[in-house]
Amino acid sequence: GKFALSRYYFNMFHIRSAEPEDYHDIAELIKRSILNVENSQYSKQQLEQRASRFISATLKTWANNGVQFYVATMQDDDKASIAAVVGWKGSHLYHLYTSPEWQRKGAAKQLLEWAETQQRQAGGAWLWCNASLDATDFYSKNGYLCVCSGVLPKTDIPVRLMHKVV
């Protein structure tokens, strides 16, 4: 069952720095990921508001402000479609999203574990993120604790501040 599937997909992804030419695909992946959540805790309007924030120009602005994006692709194919993405700056994780066709197959978990390892190797003690209500269980299962609840800036979209000592 589920355990065998997790074992099958373990470590099958290649993690690399995102390039500017990836930003369009990343923005589309994030939008699809947000809009395709099953049993979301958000209203359709909130999901659409969240998804509309992600365009390639926005990702370029974040990158210009020091956020480095990393993507998970299939190990044996450099031109493979992007399975998952995460942004990272200092101890803050930004936008860990998985393409709908790769959800529950280990891409986000592998990317998260990779970021934690990189943070430890850089001398960082912890990571934090603003987790969507739909992602709270994922982060909890991976050892993150909810510190407080809030809303995304300039929205009415609730999130949870979560952190983990790495």
Side-chain angles (χ1 to χ4, degrees), residues 2 5-6 9 13 15 17-73 80-116 119 126-164:
K2 200 171 190 179
L5 184 64
S6 296
Y9 285 105
F13 298 98
I15 297 170
S17 293
E19 302 295 332
E21 56 268 16
D22 293 322
Y23 291 165
H24 174 76
D25 291 341
I26 291 170
E28 291 304 310
L29 177 153
I30 292 172
K31 287 179 198 175
R32 287 187 301 114
S33 178
I34 290 169
L35 295 173
N36 287 298
V37 172
E38 293 179 21
N39 303 313
S40 177
Q41 297 182 50
Y42 295 106
S43 70
K44 183 177 180 183
Q45 181 182 5
Q46 287 174 316
L47 291 172
E48 289 171 354
Q49 184 182 17
R50 276 182 57 215
S52 70
R53 300 175 68 208
F54 294 98
I55 57 172
S56 58
T58 304
L59 297 174
K60 289 176 189 170
T61 299
W62 285 327
N64 289 338
N65 288 320
V67 177
Q68 176 63 53
F69 289 94
Y70 297 90
V71 295
T73 62
S81 62
I82 297 169
V85 61
V86 68
W88 178 28
K89 178 181 179 183
S91 60
H92 186 179
L93 293 176
Y94 297 79
H95 313 303
L96 177 58
Y97 288 97
T98 305
S99 181
E101 59 270 18
W102 286 104
Q103 289 175 356
R104 296 175 203 18
K105 296 178 181 166
K109 182 174 177 63
Q110 187 176 330
L111 201 51
L112 184 62
E113 288 173 352
W114 176 86
E116 291 169 359
Q119 183 71 350
W126 50 281
L127 285 171
W128 69 276
C129 66
N130 288 315
S132 72
L133 301 180
D134 298 325
T136 302
D137 286 345
F138 169 79
Y139 284 106
S140 293
K141 288 177 185 174
N142 285 284
Y144 285 72
L145 301 174
C146 182
V147 176
C148 65
S149 297
V151 295
L152 288 177
K154 301 178 185 174
T155 73
D156 65 346
I157 300 170
V159 293
R160 296 201 173 114
L161 174 65
M162 301 191 74
H163 84 285
K164 178 179 180 178

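Residue numbers count from 1 along this sequence.
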Is there a donor-acceptor contact under 3.5 Å from the side chain of Tyr42 to the main chain of Ile34?
no

Trp62 (side chain) donor-acceptor with Asn64 (main chain) under 3.5 angstrom:
no

Test item: Leu29 and Trp102 side chains (from C-beta on) under 4.5 Å apart, heavy atoms
no

For the student: nearest non-hydrogen atoms of Ala108 and Ala84, plus distance:
N-CB, 4.2 Å

Are the side chain of Gln110 and the backbone N or O of Phe13 linked by a donor-acceptor pair below 3.5 Å?
yes

Could you tell me if the side chain of Asp156 sits less than 4.5 Å from the side chain of Val151, heavy atoms only?
no

Could you tell me if the side chain of Trp128 sits less than 4.5 Å from the side chain of Val147, heavy atoms only?
no

Backbone N/O of Phe54 and side chain of Thr58: donor-acceptor pair under 3.5 Å
no

Shortest non-hydrogen separation from Trp88 to Leu127 and the atoms involved
NE1-CD2, 3.7 Å

Around atom CD of Glu21, are there more than 12 heavy atoms of other residues, nucleotides or ligands at under 6.0 Å?
yes

For Leu47 and Ser40 the tightest heavy-atom approach is CD2-OG, 3.6 Å

Grab the two heavy atoms, one from Lys31 and one from Ala51, that are nearest each other, plus how far apart they are.
CG-O, 3.4 Å

Is there side-chain contact between Pro158 and Gln46, with heavy atoms separated by less than 4.5 Å?
yes

Nearest 0.5 Å, what's the NZ-CZ distance between Lys109 and Arg104?
14.5 Å

Are Lys164 and Asn142 close enough that a side-chain donor and a side-chain acceptor fall under 3.5 Å?
no

With no hydrogens and no angle check, is any side-chain donor or acceptor of Thr155 less than 3.5 Å from a backbone partner on Leu152?
yes

Nearest 0.5 Å, what's the CZ-SG distance between Arg160 and Cys129?
12.0 Å

Which residues pass the side chain to side chain contact (heavy atoms under 4.5 Å, CB included) test with Ala18, sequence neighbours left out?
Asp22, Tyr23, Ile26, Phe69, Val71

Note: Gln119 and Gly90 closest approach over all heavy atoms is OE1-O, 3.2 Å

The reported gap from OG1 in Thr136 to NZ in Lys141 (rounded to nearest 0.5 angstrom) is 11.5 Å

Let's go through Gln103 and Ser33 carefully: what are the C-alpha distance in whole Å and the side-chain angles of both, what is the deciding distance for side-chain contact (heavy atoms from CB on, under 4.5 Å) to 0.1 Å, and is it a yes or a no?
CA-CA 9 Å; Gln103 289 175 356; Ser33 178; 3.6 Å; yes

Is there a side-chain contact between Gln41 and Ser132 in this structure, where contact means two heavy atoms from C-beta onward sitting under 4.5 Å apart?
no

Which atom pairs, donor and acceptor, lie under 3.5 Å between side-chain atoms of residues 93-100 and protein residues at least two apart or in another chain?
residue, atom, partner, partner atom, Å
Tyr94, OH, His92, ND1, 3.1
Tyr97, OH, Arg50, NH2, 2.9
Ser99, OG, Arg32, NH2, 3.1
Ser99, OG, Glu101, OE1, 3.0
Ser99, OG, Glu101, OE2, 2.8

State, yes or no, whether a side-chain contact exists between Asn130 and Leu161 at a heavy-atom distance under 4.5 Å.
yes

